[in-house]
Amino acid sequence: MSEKQLLSILEKLTLDQKIAQLQQLAGPFFEGASSQGQITGPMAAMGITDEVLTHTGSVLGVTGADEVIAIQNAHLRKNPHGIPLLFMADIVHGYKTIFPVPLAIGCSWDMELARKSAEIAAKEAAVSGVHVTFAPMVDLVRDPRWGRVMESTGEDPYLNSEFARAFVRGFQGEDLSADSDRVAACVKHFAAYGAAEGGRDYNTVDMSERQLREFYLPAYKAALDEGCEMVMTAFNTVDGIPASGNTRLMRDLLRTEWGFDGVLISDWGAVKELIAHGTAADEAEAGRKALAAGVDIEMMTTCYIGHLRAMVEQGVIEEALIDEAVLRILRLKQKLGLFESPLRGADPDREREIVLSGDHREAARELARKSCVLLKNEGGVLPLRPESRIALIGPFAKSGDILGPWSWMGSAEEAVPLYQGLAAYTDPARITVAEGCGVESGTPEQITQALEAARSADVIVLALGEHSGMSGEACSRADIRPPAPQLELVAALKALGKPMTAVLFNGRPLDLHGIIDEADAVLEAWFPGTEGGAAIADLLYGAENPSGRLTMSFPYSVGQVPVYYNHFNTGRPQDAPDAQVHYVSKYLDIPNEPLLPFGFGLSYTAFAYEDAGIEGNTMTAGQPLAVSVRVTNTGAVPGEEVVQLYVRDFAGEVVRPVKELKAYKKILLEPGESVKVTFTLSEEQLRYYHADLSHTSDAGEFAVFVGPNSRDTAELRFRLTK
């Protein structure tokens, strides 16, 4: 359908019909839905009429080819203009084949596997009738109290930007119009949702525009540069104004400065929430401010359909604002080919063939292996030996609750639990299982049973962590230690003196005291997805070598948070050569440093870094520098290393971080193999936002750091001249 034809449709719509196109409603409202009519509570109070439903533009949270086909066909029988519905859903880290949570995917440092995971998720979702996914979430995160850190790829703006591009490529492919196995991506949450005060969901965000541009906006921009079709507003305020009514953020920055002309959608109920925020007196004012800010689709509140018509008639708003929003929605429907093929990729036969296929499960297993991070391995406890007798103890020993939040269509019954994974490597008779405690509760009898199981074993494998309801949206936690019953279980088993490995299932960095200091080995598995147990067993038995590296720092104590590697130095840094003993920036009772730094991760082999150097020590705008380091596998097994490069500007116009990741390379080395890893560092990589928001670099002295993580690095110096 041409642009001229879209404009012709727009001209035929009445004002009420246009406004209905801006409305998004959940499945129970629609004829053909399996949940049709199951409208209770706040949904019942919305007062949605048949006329609104006839012209509504999009559906939220419906999937399954048969159901989508039924709803779309019923809708088109009633819609006089032949305008199809858009079907949108949260396909965050997999559709039916669930991949690790995004924070875990970040720890893979593998853009190709991240892209592939999104491609597979898109294929399964598209054949099941979904047109748009509310992903990727690219919010930069620094506070593990916030439950939604599991949806992000971490605390670094450069790495988050790379993952944003990879996910968008995977979801949308090269030609969204021609490829019905893809879905449109929606980057979220614009903007700075990850900086909620106190790590409390939906809370206030307050920061300078310079900080916003420097750290929080790059990943959104990267997603849009990759062609992302949609943007979702954040729940939080930005500079004192809720994002969904923030004209400066949405109109001036997103649409005018960045040139985004795609669809902007509110998050669930966010338009009406302008009232609770205190920037709108009623629903009419909330609708007016959201539309003025450029929000095209109102999700699950009725400020638009309830009030825009009257405001147009009163001259409060111009109908042209509604027209431009409707046209953007129609263009997305046209780009997806819905006018010509309103069912798009929905196909029940292909759905049964594709969804949760063997190839997809194997891809999930591979990414889960790459996402796990080995945090500790003392005394060669890992890898396990097939002949060892194992006591598998903990609430996740046989649990399928390893998918994590936003695994909407995933099934715990179809997930591979840890026990099943281990049993594939050894005689199941060698594995004794005891729960030991629940996730958040326990009894003395459970500990007694765990001790009995452990006494006859050669090694203890603990399966610990958070259940899926402890992370994700609205799951902020002030105490990020593992639940007390689990710590009591670990302490009781430690007294046996047996080799002990802990496998952690969780959606956020935890305060690991009571586990990391008690266990001989610790593997951070996150929520690893459908093939989690199989992937973990691959690592525990040494069939694969752990290669994950943290993309979010693990705090020493919750009292440190937010704690992150690219912090500022302060005027009285603790490690200054002339630092005083007392009057410096430090805690009296804990270290300043995190327990585990950004970029950290161990392997079953060891890597030596030698001969770090720079070819020349002066950089200009036209002359980049080559930074190199020799990396050698000094161990006995092949291993994959993530070689990381950081920089520091010693004297900027504004304060600069002590380290900033600028590049990395993943290398696979055989035992004894050595390779020279070379990076090209350019002036462009040294630019940042100055006080006047110009994006430039400073002449002067810089440090460049190379190493296996943000802490353990070799430092070199160079100068930038202009």
Side-chain angles (χ1 to χ4, degrees), residues 102-104 106-109 138-146 149 152-163 192 194-195 199 207 211 214-216 218-219 373 375 480 508-512 516 524 548-570 573-576 585-587 590-602 609 627 629 641-650 652 654-666 679 681 685-686 688 702-716:
L103 185 58
C107 294
S108 74
W109 297 60
V138 301
D139 300 332
L140 184 137
V141 293
R142 292 172 167 174
D143 193 334
R145 294 174 297 182
W146 191 47
V149 300
S152 169
T153 50
E155 67 187 46
D156 182 74
Y158 162 69
L159 204 60
N160 284 358
S161 297
E162 293 297 296
F163 276 111
M207 66 176 65
Q211 186 180 17
E214 186 75 26
F215 297 103
Y216 290 87
V373 185
L375 304 180
I480 55 172
R508 54 160 57 82
L510 299 171
D511 174 349
L512 292 180
I516 199 165
E524 175 56 80
R549 302 293 183 264
L550 298 178
T551 55
M552 193 174 181
S553 303
F554 272 54
Y556 185 91
S557 164
V558 72
Q560 292 176 315
V561 298
V563 59
Y564 47 96
Y565 88 93
N566 49 353
H567 58 84
F568 297 146
N569 202 37
T570 85
Q574 184 181 22
D575 59 355
S585 181
K586 68 175 183 179
Y587 296 104
I590 59 172
N592 284 4
E593 296 75 26
L595 179 69
L596 299 167
F598 175 88
F600 178 82
L602 301 176
Y609 283 69
V627 181
V629 65
E641 174 69 319
V642 181
V643 185
Q644 302 164 37
L645 181 142
Y646 301 83
V647 299
R648 179 178 180 183
D649 184 346
F650 283 107
V654 299
V655 176
R656 305 303 302 136
V658 295
K659 281 179 183 170
E660 297 177 89
L661 180 71
K662 294 299 180 181
Y664 72 94
K665 289 187 178 180
K666 294 189 72 173
F679 299 94
L681 185 64
Q685 291 171 281
L686 307 182
Y688 68 93
F702 288 76
V704 59
F705 309 87
V706 289
N709 57 66
S710 60
R711 180 189 63 197
D712 305 317
T713 56
E715 179 180 345
L716 305 163

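Taking CG from Asp156 and CD from Glu660, the interatomic distance works out to 8.5 Å, rounded to the nearest 0.5 Å. Note that CG of Asp511 and CD1 of Ile516 are 10.0 Å apart. Values are rounded to the nearest 0.5 Å. Here the OG1 atom belonging to Thr153 is positioned 10.5 Å from the CH2 atom belonging to Trp109, to the nearest 0.5 angstrom. Atom-to-atom distance recorded for Leu645:CG and Leu716:CG is 9.0 Å, nearest 0.5 angstrom. Summarising the geometry, atom CD belonging to Gln644 is positioned 14.5 Å from atom NZ belonging to Lys662; distances are rounded to the nearest 0.5 Å.
In this structure a side-chain-to-backbone donor-acceptor pair under 3.5 Å is present from Arg508 to Arg145. Between the side chain of Ser710 and the main chain of Phe598, a donor-acceptor pair closer than 3.5 Å is present. One N or O on the side chain of Asn160 and one on the backbone of Gly154 form a donor-acceptor pair closer than 3.5 Å. With hydrogens and angles disregarded, no donor-acceptor distance shorter than 3.5 Å links the side chain of Tyr565 to the backbone of Glu155. For Gln560 (side chain) and Pro591 (main-chain N/O), a donor-acceptor pair under 3.5 Å exists by modelled atom type. With Ser152 contributing its side chain and Asp139 its backbone, the two residues share a donor-acceptor pair below 3.5 Å.
The shortest heavy-atom contact between Thr551 and Cys107 is N-SG, 3.7 Å. The two residues Val563 and Pro555 make their nearest non-hydrogen contact at CG1-CB, 3.8 Å. Contact between Met552 and Pro144 at its shortest, heavy atoms only, is CE-N, 3.7 Å. The shortest heavy-atom contact between Pro218 and Glu214 is CG-O, 3.6 Å.
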Applying side chain to side chain contact (heavy atoms under 4.5 Å, CB included) to His567 and Asn592, what does each step give before you reach the verdict?
CA-CA 11 Å; His567 58 84; Asn592 284 4; over 6 Å; no
Determine, step by step, whether Glu593 and Tyr556 satisfy the side chain to side chain contact (heavy atoms under 4.5 Å, CB included) criterion, reporting the C-alpha distance in whole Å, the side-chain angles of both residues, the deciding distance to 0.1 Å, and the verdict.
CA-CA 7 Å; Glu593 296 75 26; Tyr556 185 91; over 6 Å; no
Kindly determine whether Met207 and Tyr216 satisfy side chain to side chain contact (heavy atoms under 4.5 Å, CB included), including the steps that lead there.
CA-CA 10 Å; Met207 66 176 65; Tyr216 290 87; 3.4 Å; yes
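Counting only heavy atoms from C-beta outward, the side chains of Leu596 and Glu524 never approach each other to under 4.5 Å. For the pair Leu550/Leu375, a side-chain contact is recorded, criterion being any heavy-atom separation below 4.5 Å from C-beta on. The side-chain heavy atoms of Tyr609 and Asp712, taken from C-beta on, include no pair separated by under 4.5 Å. Residues Ser553 and Pro509 are not in side-chain contact: their nearest non-hydrogen atoms beyond the backbone lie 4.5 Å or more apart. The shortest side-chain heavy-atom distance between Asn566 and Phe215 falls under the 4.5 Å cut-off. Looking at Leu686 and Asp649, their side chains never come closer than 4.5 Å, going by heavy atoms from C-beta outward. Side chains of Tyr564 and Val141 form no contact here, defined as non-hydrogen atoms less than 4.5 Å apart. By the 4.5 Å heavy-atom criterion applied to side chains, Phe679 and Gln685 are not counted as neighbours.
With Tyr664 as the aromatic partner, Arg549 does not meet the cation-pi criteria of under 6.0 angstrom to the ring centre and within 45 degrees of the ring axis.
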